[in-house]
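Taking it in order: structure first as structure tokens, then the write-up.
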Amino acid sequence: MLLCSLIGDRIMIQIDPLRAFSDNYIWLLQDATERRCAVVDPGDATPVLAWLAAHPGWTLSDILITHHHADHVGGVERIKAATGARVLGPANERIPGRDEALGEGDLVQVLGLSFRVIHVPGHTLGHIAFFHADATRPLLFSGDTLFAAGCGRMFEGNPEGMQDALARLAALPAETLVYCAHEYTLSNLRFARAVEPGNTDVARRFEEVTRLREQDGVSLPTTIGLERLTNPFLRVNETSVKEIADKRTGTHNPAPAQVFAVIRAWKDGF
């Protein structure tokens, strides 16, 4: 159970993961005072509807979507039909049942919280993230753009766009809680150790997450601050990451996007 206390907004929101498929997390936001909830990226309707059935009297008000892949939108139409929830999703992608099309800089109200939309192309071209800028406990739902210790594959975008998107997320406050959509942390940290074998923060995090996953624990949320220390895709300006990218290509890679491209290609086959 993950509790997020948003003191500045005088709202207490609890955020729990609903597991789907082999490694997806559907994030469930709950306002116990109003008995209202929202979900992020429900690729499967079953766990969402099961939770609602187990919690009579609760209303699902909103469905937030980051991108169009089936493991993120597969449950939308069934959930919407059952609950009448509003569907919020990226404007430039085909999202089933979408009520509001969102783009860069848009603001949406969900459970009394204001979320700013950040366009983060790369994994898909229309991919968006949802950021709540509370001064005490900022929140980011990053979909498949930023993972714990990793990032998504580039199915539609290019290294320049993806690296720029990740840099924008890395610039968010260090204390920002990051809720991504998959339990990839341990495998991502294995790769991070290969990229920076001398990074003690990576080594420490790998040991901690290994113990956690042995107990089937959830490794999320992470924070932007922790990602800056341990995520190679946010560390493309670091000398250690640049040097290993150059070593792998046998050439000089001066631009961050070039370093990112080398590291991402390496991860694709890791």
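Since the structure is predicted, the reported quantities are computational estimates derived from the model, not experimental observations.
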Subject >> Heavy-atom side-chain contact between E175 and P138 under 4.5 Å >> reply: yes
**OP:** Please examine the side chains of L111 and S61, heavy atoms only from C-beta on, and report whether any two atoms are closer than 4.5 Å.
**Re:** yes
**OP:** Could you list the residues that satisfy side chain to side chain donor-acceptor pair (under 3.5 Å) with N158, not counting sequence neighbours?
**Re:** none
Subject >> Same apolar cluster: V117 and V178, side chain cutoff 4.5 Å >> reply: no
Original post:
If you link I, L, V, M, F, W and Y whenever their side-chain heavy atoms are under 4.5 Å apart, who else ends up in the same group as Y184?
Top reply: F147
Subject >> Residue pairs passing the ring pair (Phe, Tyr, Trp, His ring centres under 6.0 Å) test where at least one lies in residues 237-256, sequence neighbours excluded >> reply: none
Subject >> Over all atoms of both residues, closest heavy-atom pair of V241 and P232 >> reply: CG1-O, 4.2 Å
**OP:** Indicate yes or no for a side-chain donor-acceptor contact from R98 to the backbone of E93 under 3.5 Å, with no hydrogens or angles considered.
**Re:** yes
Original post:
Pick from N253, T251, V259: which one makes a side-chain contact (heavy atoms from CB on, under 4.5 Å) with D246?
Top reply: N253
Subject >> S219: partners by side chain to side chain donor-acceptor pair (under 3.5 Å), with sequence neighbours left out >> reply: E183, T185
Original post:
According to the ring pair (Phe, Tyr, Trp, His ring centres under 6.0 Å) rule, which pairs have a member within residues 74-112, sequence neighbours left out?
Top reply: none
**OP:** Could you tell me whether the side chain of L220 reaches within less than 4.5 Å of the side chain of W27, counting heavy atoms only?
**Re:** yes
**OP:** State, yes or no, whether a side-chain contact exists between K267 and N188 at a heavy-atom distance under 4.5 Å.
**Re:** yes
Subject >> For H69, ring pair (Phe, Tyr, Trp, His ring centres under 6.0 Å) partners two or more places apart >> reply: H67, H123, F155
**OP:** Output all residues satisfying side chain to side chain donor-acceptor pair (under 3.5 Å) with H68, sequence neighbours left out; order by chain, then residue number.
**Re:** E156
Original post:
Can you tell if the side chain of R190 reaches within under 4.5 Å of the side chain of L186, non-hydrogen atoms only?
Top reply: yes
Original post:
Does a side-chain heavy-atom distance below 4.5 Å link Q109 with S114?
Top reply: yes
**OP:** Check whether any side-chain N or O of N199 sits under 3.5 Å from a backbone N or O of L229 as a donor-acceptor pair, and report yes or no.
**Re:** yes
Original post:
Where the side chain of Q163 meets the backbone of F260, is there a donor-acceptor pair that is under 3.5 Å apart?
Top reply: no
**OP:** Show which residues join V73 in its hydrophobic cluster (side-chain heavy-atom contacts under 4.5 Å, direct or indirect), or state none.
**Re:** L18, I26, L28, V39, V48, L49, W51, L52, W58, L60, I63, I65, V76, I79, V87, I95
**OP:** Not counting sequence neighbours, list each pair that qualifies as a salt bridge (charged side-chain N to carboxylate O under 4.0 Å, His left out) and has a residue in residues 215-234.
**Re:** R19-D216, R205-E227, R213-D216
Subject >> M162 and P159, any side-chain heavy atoms less than 4.5 Å apart >> reply: no
Original post:
Considering residues at least two apart in sequence or located in another chain, which fulfil the side chain to side chain donor-acceptor pair (under 3.5 Å) criterion with D23?
Top reply: H182
Original post:
Mind checking what makes ring pair (Phe, Tyr, Trp, His ring centres under 6.0 Å) contact with F21, not counting sequence neighbours?
Top reply: none
Original post:
Quick one: salt bridge (charged side-chain N to carboxylate O under 4.0 Å, His left out) pairs with a partner in residues 52-80, sequence neighbours left out?
Top reply: D62-R86, K80-D99
Original post:
Would a 4.5 Å heavy-atom cut-off, applied to side chains only, mark L139 and D134 as touching?
Top reply: no
Subject >> Distance-only side-chain donor-acceptor flag, D144 / H72, under 3.5 Å >> reply: yes
